[in-house]
Amino acid sequence: MIKSDQPEGAQLKELNNRISGHELRETQLNSDLREQNQLIDALRLAEERSAMLAAIVSSSDDAILSKDLNGLVMSWNLAAERIFGYAADEMIGESMTKLIPQDRMDEETQILNRLRAGERLDHFVTRRMTKSGEIIDVSLTISPVKDNSGDIIGISKIARDITSQIQAEQKSAILSAIIASTDDAIISKNFNSIITSWNNAAEHIFGYTAEEMIGESILKLIPMDRQEEEPEIIDKLKKGERVEHFETKRLTKQGTLIDVSLTISPVLDLSGRIIGVSKIARDITDKKLQERRKNDFIAIVSHELKTPLTSIRSYLQMALMGGKHEVDKFTENLLRRAESQTRKMTSMIHDFLNLSRLEEGKMSLNLSHFSLSELIDEVVSEVVVLAPGHKIDYERSSGVSVYGDREKLSQVLVNLLGNAIKYSNEGTVVKLHCAVKNGLATVSVHDQGIGISSADQARLFERFYRVQDDKRKNISGFGIGLYLVREILKLHGSKIMVQSEQGIGSTFSFALPYT
Ligand code: ADP
C-alpha cells in the first residue's frame, strides 16, 4: 500500500516499481504456461507414437518380442503367439530358452556376446521350436535396447517364419537339379515363342548352348515345312490345354532332322494366370528307327508269306473243284478246312501289311466308285465258310454304291465280321445290315457276343489294344484289327462307332457318302 505521508515523487516511484514487478511475474507466468503446453504437446505426440508403434507391433506378421538382460521375456506380440504357439501370458516373465532346440543352445550366449559388443544381428537364419515341438526355420533380426544414457537394458527380436520359403527354395533346388540332369530337353518360352530357359539336355539334343538360344525364337528349331505347328500349339496353350506326346521333327544346329516327342504345358503363376510355356522334348530318333526297322521287317515277312500262301490257296481250290468226284467226303472236308484257314491267314497278312504302311505314313487310298452291295456279298460268302457254327443274317442290299478304296473297305468288313464271330458263341446270330440313309450308305455289324465294357470301348481302337478278361483269355489276336478299321475309315472321312453291353452283344457301324 502507498503511504499518503510520503512525498508525491516517492509514491510515484514505488507505484512504478510495483507495476513493473507485476509485469515481470506475468511474463514469467506466460513463459511457464507455454513451456507446459509444449510439454503436453510433446507428451501427446509421444503417446500417439507409442500407440502407433503398439498397433504396428500387434498387427505385424513377424514375431516381435523383447527380453531383459536375464533373458526373460518382456513383450510378446500376436504374431509371436501364432508362430510359436505360446500366448503372451505364457511367455512374459519366462525364459526364452524353451524356444531353442537342444542342438542350438549355445547360440543364445553367442548372440548376447555380440549384442553386448554393440553389434546388431540382421537376418540371422536359424531354427526354433514351437509349443507343439515342431521345428521351424526363422530369420532373426536382433538389436540391443538402450536407455537414455546408452546402457543396454534389454534386447528386441524380430522373428520371421521362413519355413515355407526354405521349403520352396529346397523344392526349386531339387527341380533345378532334375532339370539339369534329365535326358529330356526342357525349354521354356513366352507367348511370342521367345526362349527363356534352356537346359543341358537341350544343348545336347539340339546342339545349341543356352547362351545361343535364350532370347531367340523357337522357330529356329522348327523345319520350314512344319512352321505352322507353332501357332497351333500356342493357340491350344492359350486356352489352358496341354499338348502331350506330340511326335514331330525338329532341326539341330548341324541341320539334321531328328524325331522328337513333345509335351507342352502352360506355366501358371500363383494366381492361375498363364505366364509362359514349358516344353519337354524327347529325342525319339532311335525309337523311330527301331519302329521303322520293325515295320520294314513286318512288311517284308508279310509280303514273302503272301506269295506262297496265295499258291497254297489256289492249289486247294483246284483240288476241291477238280477232284470233287475223285476224293472222298472226308478228304473233301479236310481240303475245305485247309482252304478256309488259308483265307484267315491271308486276311492277317493283309492287316500286317497295312499296319506297316500306316506306321510309315505310306497308306494311301486307291479310290474308285464301286458297288458296296456286291462287296458285302463277296465278304459274307467268304466269312460264312469260316464260321459254319454261326448264323450270318444278311438281307442283301442292291445298288448301294460308294466312292472309296474297295480293297481296304473289304478289310474293314472282314475285320468287323471276323470279330463278331470270334467274340460270340457258336449258334448265335451275326447280323449285317447295309442301307442308304440321308445320302449316306450305313453299314452295321451286330453280334450277340460277350460285349465290351464302356472303359474298354474307349480304348478299343488303339493300336495293339486287347481287352484282358477271363472270357477272352483263350481267344487269340494281335489287337490291330480295330485300329486298322478306324484308320482306314478315317482316311475315307468316316468314323467307326460302337455300341455294346456286356453279356448282350455289340454293334459296330460306319457310314460312307452314297454315290
Ligand atoms: P484282336 O481281335 O486281334 O484282339 P481287334 O483290334 O480286332 O484285335 O479288337 C480289339 C479288342 O476288342 C479285342 O481284343 C476284343 O477284346 C475286343 N472286341 C473287338 N470286337 C469285339 C466284339 N464284336 N465283341 C466283343 N469284343 C470285341
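Keep in mind that the numbers below use all heavy atoms, side chains included, and drop hydrogens, waters and symmetry copies. Atoms within a ligand are numbered from 1 in the order they appear, just like the ligands themselves.
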Between [X] and ligand 1, does any nitrogen or oxygen pair lie at a separation below 3.5 Å?
{"X": "Asn419", "answer": "yes"}
{"X": "Phe478", "answer": "yes"}
{"X": "Leu482", "answer": "yes"}
{"X": "Gly451", "answer": "no"}
{"X": "Gly479", "answer": "yes"}

Residues passing the ring pair (Phe, Tyr, Trp, His ring centres under 6.0 Å) test with Phe124, sequence neighbours excluded, are none

Can you find a heavy atom in the side chain of Ile274 that is under 4.5 Å from one in the side chain of Leu237?
no

Are the side chains of Phe508 and Leu482 in touch, meaning some heavy atoms are under 4.5 Å apart?
yes

With atoms numbered from 1 as shown, which atoms in ligand 1 lie under 4.0 angstrom from a non-hydrogen atom of [X]?
{"X": "Ser506", "answer": "24 (N)"}
{"X": "Ile480", "answer": "6 (O), 8 (O)"}
{"X": "Lys422", "answer": "1 (P), 2 (O), 3 (O)"}
{"X": "Tyr465", "answer": "10 (C), 11 (C)"}
{"X": "Gly477", "answer": "3 (O)"}

Return the residue, atom name and 0.1 Å-rounded distance of the protein heavy atom closest to atom 24 (N) of ligand 1.
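Here the nearest protein heavy atom works out to Tyr423 CB, 3.4 Å.
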
With respect to Arg406, which candidate in His369, Glu378, Gln411 satisfies the side chain to side chain donor-acceptor pair (under 3.5 Å) definition?
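Among the candidates, only Glu378 passes.
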
In terms of side-chain geometry, is the basic nitrogen of [X] or [Y] positioned less than 4.0 Å from the acidic oxygen of its partner?
{"X": "Lys249", "Y": "Glu229", "value": "no"}
{"X": "Asp259", "Y": "Arg292", "value": "yes"}
{"X": "Lys329", "Y": "Glu332", "value": "yes"}

Heavy atom of Asp447 under 4.0 Å from ligand 1?
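Right, Asp447 reaches ligand 1.
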
Heavy-atom gap Phe508 to ligand 1 smaller than 4.0 Å
yes

Using the ring of Tyr86 (Phe, Tyr or Trp, six-membered ring only), decide whether Lys98 places NZ or CZ under 6.0 Å from its centre and within 45 degrees of its axis.
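Yes, Lys98 and Tyr86 form such a contact.
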
Residue part near ligand 1, for Val467, under 4.0 Å between non-hydrogen atoms
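Val467 to ligand 1: contacts from backbone and side chain alike.
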
Per the side chain to side chain donor-acceptor pair (under 3.5 Å) rule, what does the pair list look like for residues 295-305, sequence neighbours excluded?
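Sorted pair list: Asn295-Glu360.
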
